[in-house]
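The chains referred to below are lettered A, B, ... by the order of the sequence lines, with proteins before strands, and numbering in each begins at 1.
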2 protein chains.
Amino acid sequence: MSNLKKDKRPLEIPKPTFERLKKYLALLLQEESEYISSEGIAEKLNITPEQVRKDFTYINIKGKPKVGYHIPPLINELSELFGIGVMDNIIIVGAGNLGSALAKYAGFKKIGVRVVAIFDNDPVKIGKFVGELSVLPFSEENLKRVIKRFKVKIGVICVTEESAQEVANILVRNGIKALWNFAPVTLKVPPGIVLENQDITTGVLTIKHLLEKK
Amino acid sequence: MSNLKKDKRPLEIPKPTFERLKKYLALLLQEESEYISSEGIAEKLNITPEQVRKDFTYINIKGKPKVGYHIPPLINELSELFGIGVMDNIIIVGAGNLGSALAKYAGFKKIGVRVVAIFDNDPVKIGKFVGELSVLPFSEENLKRVIKRFKVKIGVICVTEESAQEVANILVRNGIKALWNFAPVTLKVPPGIVLENQDITTGVLTIKHLLEKK
DNA sequence: TAGATTGTTAATCGATTAACAATC
DNA sequence: TAGATTGTTAATCGATTAACAATC
């Protein structure tokens with residue numbers, strides 16, 4: 001366990017800090033140099049170096065004055081925080097363009113994620129290959145088998161908004177513990193199930209708002 | 001202009017409020033009833049009704065005690081805030097699965113966004129149709145022409161991380177004012193250019209972190 | 001050593017929550 | 001009218017910023 005202060009009280013990472021830590025990790029994974037200063041990080045993310053240093057007090061790393069932070073251990077520490085060391089098998093439901101894009105996404109490996117199956121109920125898509133995976137029919141038997149065999153905890157929803165809730169129900173019923181939802185719907189899930197909505201349109205709303213102000 | 005208080009001082013919408021307003025809008029667009037209470041909204045988004053009411057003080061709407069908020073005017077007000085009334089033409093660079101998914105995404109209309117062109121430099125993809133659009137060769141001439149003709153201000157980057165920065169440079173050079181970046185890279189853009197990074201992996205990091213704590 | 005950069009504490013700022021009055 | 005729900009002000013809580021001491 002890493003987030004202990006000297007006095008041994010574990011401390012909760014504030015939400016905003018947590019979000020920034022994700023950005024630091026993404027940035028560091030791209031970095032090629034060996035060391036980086038708080039200033040270096042701050043600059044690329046449009047925040048202050050003080051912010052960066054403060055955020056780092058929540059994880060167990062030390063920088064060197066005059067040098068900055070050694071990147072590899074920093075990546076390790078952040079990786080541990082996000083549970084990247086443990087490889088999680090995930091399944092994707094919906095083999096449309098979005099589902100296919102995710103199934104083929106190369107960056108998952110770096111963050112401890114492996115796509116083990118992709119499902120669809122469109123006969124045209126079933127059996128076709130998406131990257132190295134053949135599209136499986138979305139039946140409860142198939143689902144059950146895959147989830148059991150690969151100990152899958154995370155299900156990705158890439159279906160239409162009309163089917164999203166039903167798919168969510170089926171996944172949860174078959175033992176999925178977390179849903180990563182790309183459909184533009186507000187899903188209802190039982191307590192204890194982790195739900196992460198990845199609303200793809202929100203970004204463009206921010207852009208429109210910013211452009212309007214000019 | 002809508003965000004004035006009684007005393008006519010315009011007031012900045014706090015960032016967290018702004019983010020929630022986006023969620024309210026997404027939710028309301030799915031809603032079928034005519035009225036909704038702060039409690040009704042709060043429940044679906046796992047926040048408190050007080051939060052919702054407080055947030056609404058930043059926009060120009062009034063609810064009715066005992067009834068709640070009338071959804072249509074609420075949607076209008078939020079739409080105005082995000083500049084949804086004005087239709088923005090956007091172009092997509094990269095006709096892979098992700099670019100294609102976006103090009104075909106039906107929900108854009110609702111938020112005042114229209115995809116007018118999709119580019120790629122892969123000869124295999126050029127000329128093929130993605131929805132109703134034929135993939136255009138990614139040349140500066142084509143780009144210039146489309147941007148001028150459709151008054152395009154927003155460019156979407158759906159290319160590999162290797163080409164993303166170069167594509168960004170070319171878009172900006174040809175008059176694009178805002179970039180919506182789906183490539184997992186930290187782009188550098190000149191001041192004045194709006195940059196919105198849509199890092200698709202961040203969601204799963206949150207999931208992994210939450211699952212780990214159990 | 002001098003200087004740069006980290007790490008930490010204190011002060012400020014801003015957002016959330018609580019309480020309650022207004023109102024349909 | 002009574003009751004429910006909004007709207008707003010004040011109190012609390014939490015995050016950011018500033019200042020500076022520690023250290024390589």
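- Residue contacts shown for Tyr69(A) are limited to sugar-phosphate atoms, with no base heavy atom under 4.0 Å away.
- Considering only side-chain N and O atoms, Ser38(A) lies nowhere under 4.0 angstrom from the phosphate OP1 or OP2 of dT5(C).
- With dT6(D), dT5(C), dA15(C) as the candidates, the nucleotide lying closest to the side chain of Ser37(B) is dT6(D).
- Taking a pair as Watson-Crick or G-U wobble with both distances under 3.5 Å, the runs of three or more consecutive pairs in DNA chain C are C:3-24 with D:3-24.
- Side chain of Glu80(A) to main chain of Gly85(A): no donor-acceptor pair is present (N/O by atom type, distance under 3.5 Å, no hydrogens or angles).
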For nucleotides 17-24 of chain C, 5' to 3', base contacts (B), sugar-phosphate-only contacts (S) and non-contacts (-) with protein non-hydrogen atoms under 4.0 Å give S-----BB
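- Put simply, the side chain of Asn89(A) never gets that close to the backbone of Val116(A): no donor and acceptor are under 3.5 Å apart.
- Between Glu43(B) atom CD and dT5(D) atom P there is a gap of 12 Å when expressed in whole angstrom units.
- Taking atom CZ on Phe18(B) and atom P on dT16(C), their separation rounds to 15 Å, with Å as the unit.
- Between the side chain of Glu31(B) and the backbone N or O of Ile71(B), no donor-acceptor pair lies under 3.5 Å.
- In this structure, the CD atom of Glu12(A) is 17 Å from the P atom of dC13(D), given to the nearest Å.
- No more than 12 heavy-atom neighbours from other residues, nucleotides or ligands sit within 6.0 angstrom of CD on Glu166(A).
- Side chain of Lys208(B) to main chain of Gly83(A): a donor-acceptor pair is present (N/O by atom type, distance under 3.5 Å, no hydrogens or angles).
- For the pair His70(A) NE2 and dT6(C) C1', the interatomic distance rounds to 16 Å; values are reported in whole Å.
- Atom CG in Asn60(A) sits about 11 Å away from atom P in dG7(C), given to the nearest Å.
- More than 12 heavy atoms of other residues, nucleotides or ligands lie within 6.0 Å of CZ in Arg173(B), so this atom counts as buried by the packing criterion.
- The backbone N or O of Gly175(A) sits less than 3.5 Å from a side-chain atom of Lys177(A), completing a donor-acceptor pair.
- Without hydrogens or angle criteria, Gln165(B) side chain to Lys188(B) main chain gives a donor-acceptor distance under 3.5 Å.
- Atom-to-atom, CD of Glu39(B) to P of dG7(D) comes out at 15 Å; the value is rounded to the nearest Å.
- Straight-line distance from the CD1 atom of Ile13(B) to the P atom of dG14(C): 16 Å, rounded to whole Å.
- If you measure from atom CG of Leu74(B) to atom P of dG7(D), you get 10 Å, rounded to the nearest angstrom.
- A donor-acceptor pair under 3.5 Å is formed between the side chain of Asp120(A) and the backbone N or O of Ala95(A).
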